[in-house]
Amino acid sequence: MSSCFNGGAGWPEPVVRVQAVSDTCGEAIPERYVKPPSERPSTTTPQPAGGGVLNIPVVDMSMPDSDETVRAVEAACREWGFFQAVNHGVRPELLRRARSSWRGFFRQPAELRERYANSPTTYEGYGSRLGTTKGGHLDWGDYYFLHLLPTSIKSHDKWPSLPSTLRDATEEYSEEVVKLSRRVTTLLSKGLGLDGGRLQEAFGGEGGEGACLRVNFYPRCPQPELTLGVAAHSDPGGMTMLLVDDHVRGLQVRKDGHWITVDPVPDAFIINIGDQIQVLSNASYKSVEHRVTVSAAEERLSMAFFYNPRSDLPVGPMAELVGPESPALYPEMTFDEYRVQIRQRGLSGKAHLQSLQSFRAGGAAAASS
């Protein structure tokens with residue numbers, strides 16, 4: 001039993017690995033993983049009026065400096081908050097090597113994986129839950145979380161040593177995805193009518209931004225219709241660069257009240273707006289709720305690279321986007337402050353960002369009365 005639990009490590013109760021549950025639960029999942037009926041996965045995907053399959057936009061990034069690319073990214077982020085980037089410049093071989101290395105970690109013996117068990121202090125390491133509320137519903141997934149930027153908080157001691165390819169692959173992968181993230185922030189800035197470096201500046205400047213990686217592992221589930229790999233949420237950070245399994249679908253995006261299952265393009269990055277860019281853009285770009293379904297037939301692995309503002313830098317609507325006709329919708333708050341509140345509450349759709357907007361509106365009303 002010791003290989004299935006860690007002793008708490010600051011969590012409010014012992015942590016059970018979903019891999020262990022998947023291997024031992026038989027045909028029924030434990031009650032802790034059963035979602036309320038209103039939160040269970042969709043069984044159908046709405047079809048567009050003209051036929052075909054509804055999917056998030058696909059953007060060709062082969063000419064990142066072109067006006068056409070700026071317009072495509074802007075339209076996707078204003079309408080969907082999501083797009084798939086193809087011809088993005090990160091080598092397909094590196095994508096496959098990174099995925100394969102991390103899949104290898106989750107296939108290591110449980111005793112080895114437990115050496116890296118995380119705590120809610122930093123979340124860095126091997127984990128199986130978010131939020132610190134005792135007795136709440138759990139998601140059907142394990143993960144590994146790493147801090148990458150700033151380099152002052154990156155610690156290779158917290159990176160798995162096995163498989164032997166993992167550290168080098170993760171280092172090279174993170175360097176390439178940081179470069180891609182910077183290119184995308186330039187496109188987003190131009191889409192707002194601002195200088196291409198403006199959003200990067202708001203993140204703390206090149207080299208001053210934050211970045212972290214969460215590798216998600218979703219074991220096979222005997223009752224996938226009752227649970228979720230990750231509950232509905234918007235990402236709290238700046239922007240997410242998601243690498244998914246090409247052959248196993250699972251990501252669902254909320255669009256006009258419906259859940260759309262994303263059909264991944266091979267070797268593409270799925271890129272989405274996070275809460276911090278919604279705040280900085282004064283809601284010109286909006287973060288969008290999404291969630292993850294699981295499969296009875298196949299396990300699934302994804303790599304979510306979070307590109308964030310510097311954690312101690314106050315973040316609020318950029319001055320150029322605020323005026324008499326477009327007042328600031330959000331108060332200033334550092335990403336550290338925002339993240340602490342998210343971690344305490346766990347995932348809850350867009351409730352936290354909406355509460356900030358309500359707080360701002362209430363304050364403005366009080367000031368004018």
Side-chain angles (χ1 to χ4, degrees), residues 54-66 68-92 94-95 98-99 148-149 173-192 196 199-200 202-203 209-216 230 233-246 249-255 260-281 284-292 301-309 350:
L54 193 60
N55 200 13
I56 62 174
V58 177
V59 176
D60 187 339
M61 296 281 291
S62 59
M63 295 187 292
D65 298 324
S66 72
E68 183 179 353
T69 307
V70 171
R71 288 192 296 269
V73 169
E74 177 198 11
C77 291
R78 288 184 187 270
E79 183 178 352
W80 282 85
F82 271 82
F83 66 96
Q84 296 196 67
V86 297
N87 300 321
H88 44 66
V90 184
R91 302 188 320 279
L94 177 58
L95 305 182
R99 270 189 305 222
L148 301 171
L149 290 176
Y173 177 83
S174 63
E175 290 173 359
E176 291 300 311
V177 182
V178 166
K179 295 175 186 176
L180 176 59
S181 300
R182 290 170 178 166
R183 292 198 294 273
V184 174
T185 61
T186 298
L187 295 168
L188 293 171
S189 292
K190 291 180 177 179
L192 293 168
L199 195 55
Q200 184 74 61
F203 270 45
E209 69 271 70
C212 47
L213 176 69
R214 177 178 152 132
V215 184
N216 304 294
V230 179
H233 66 287
S234 61
D235 289 342
M239 179 172 60
T240 303
M241 323 291 281
L242 181 67
L243 181 67
V244 300
D245 271 320
D246 291 340
R249 301 196 308 171
L251 177 65
Q252 291 188 330
V253 174
R254 193 173 179 87
K255 172 68 170 171
I260 310 300
T261 300
V262 174
D263 190 13
V265 176
D267 297 326
F269 278 100
I270 298 173
I271 300 177
N272 66 278
I273 298 298
D275 292 349
Q276 303 304 300
I277 285 184
Q278 177 167 332
V279 169
L280 286 163
S281 71
S284 292
Y285 298 135
K286 292 183 175 65
S287 59
V288 172
E289 281 186 87
H290 50 287
R291 65 186 187 184
V292 177
L301 181 138
S302 69
M303 299 177 64
F305 185 94
F306 302 112
Y307 188 68
N308 302 321
K350 293 195 67 173

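Side-chain contact between V262 and F82 is absent, with no heavy atoms from C-beta onward closer than 4.5 Å. Side chains of K286 and I273 form no contact here, defined as non-hydrogen atoms less than 4.5 Å apart. At least one side-chain heavy atom of M241 sits less than 4.5 Å from a side-chain heavy atom of S181. With contacts defined as side-chain heavy-atom distances shorter than 4.5 Å, the pair Y285/R78 qualifies. Inter-residue side-chain proximity for D263 and R249 is flagged as met; some heavy-atom pair is nearer than 4.5 Å. Annotation: side chain of R291 is not in contact with side chain of R254 (no heavy-atom distance under 4.5 Å). Considering only heavy atoms from C-beta on, L95 comes within 4.5 Å of V90 through its side chain. Side-chain contact between N272 and D235 is present, with heavy atoms from C-beta onward closer than 4.5 Å.
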Inset, instruction - Under the side-chain contact (heavy atoms from CB on, under 4.5 Å) rule, what do F305 and L243 come out as? Steps first, then yes or no, please. - result: CA-CA 8 Å; F305 185 94; L243 181 67; over 6 Å; no

Inset, instruction - Check the pair M61 / L180 against side-chain contact (heavy atoms from CB on, under 4.5 Å), numbers first and verdict last. - result: CA-CA 10 Å; M61 296 281 291; L180 176 59; 4.1 Å; yes

Inset, instruction - Before giving the answer on side-chain contact (heavy atoms from CB on, under 4.5 Å), spell out for V230 and R214 the whole-Å C-alpha distance, their side-chain angles and the decisive distance to 0.1 Å. - result: CA-CA 12 Å; V230 179; R214 177 178 152 132; 4.1 Å; yes

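Minimum interatomic distance between V70 and G191 (heavy atoms only, all atoms of both residues): CG1-N, 3.8 Å. Considering all non-hydrogen atoms of both residues, G274 and S287 come closest at C-CB, 3.6 Å. The two residues V73 and L188 come nearest to each other via the heavy atoms CG1-CD2, 3.8 Å. Smallest separation of non-hydrogen atoms from S234 and H290: CA-CE1, 4.2 Å. Nearest heavy-atom pair across I271 and A85 is CD1-CB, 3.7 Å. The nearest pair of heavy atoms linking D267 to P92 is OD2-CB, 3.7 Å.
Distance alone, capped at 3.5 Å, is enough to place a donor-acceptor pair between the Q276 side chain and the P236 backbone. With hydrogens and angles ignored, the 3.5 Å screen pairs a side-chain donor or acceptor of K255 with a backbone N or O of E79.
Applying the ring pair (Phe, Tyr, Trp, His ring centres under 6.0 Å) rule to F203 yields the partners Y307; only residues at least two apart in sequence or on another chain are considered. Looking at residues two or more places apart in sequence or on another chain, you find a ring pair (Phe, Tyr, Trp, His ring centres under 6.0 Å) between F269 and H88.
Distance check: I56 CD1 to F83 CZ gives 9.0 Å after rounding to the nearest 0.5 Å. Within the model, atoms CG of L199 and OG of S281 stand 8.5 Å from one another, a figure rounded to the nearest 0.5 Å. To the nearest 0.5 Å, atom CG of residue L187 and atom CD of residue E74 are 10.5 Å apart. The OG atom of S284 lies 5.5 Å from the CG atom of L192; values are rounded to the nearest 0.5 Å. Between the CG atom in N55 and the CD atom in Q84 there is a gap of 5.5 Å [rounded to 0.5 Å]. The structure places OG1 of T69 at 9.5 Å from NZ of K190, a figure rounded to the nearest 0.5 Å.
For the pair E68 and R71, the salt-bridge criterion is not met [side-chain N within less than 4.0 Å of a carboxylate O]. Taking 4.0 Å as the cut-off between side-chain N and carboxylate O, D246 and R99 count as a salt-bridged pair. A salt bridge links R182 with E209: the closest approach of a Lys/Arg side-chain nitrogen to an acidic carboxylate oxygen falls below 4.0 angstrom.
Side chains of Q252 and T261: a donor-acceptor N/O pair is present below 3.5 angstrom, by distance only.
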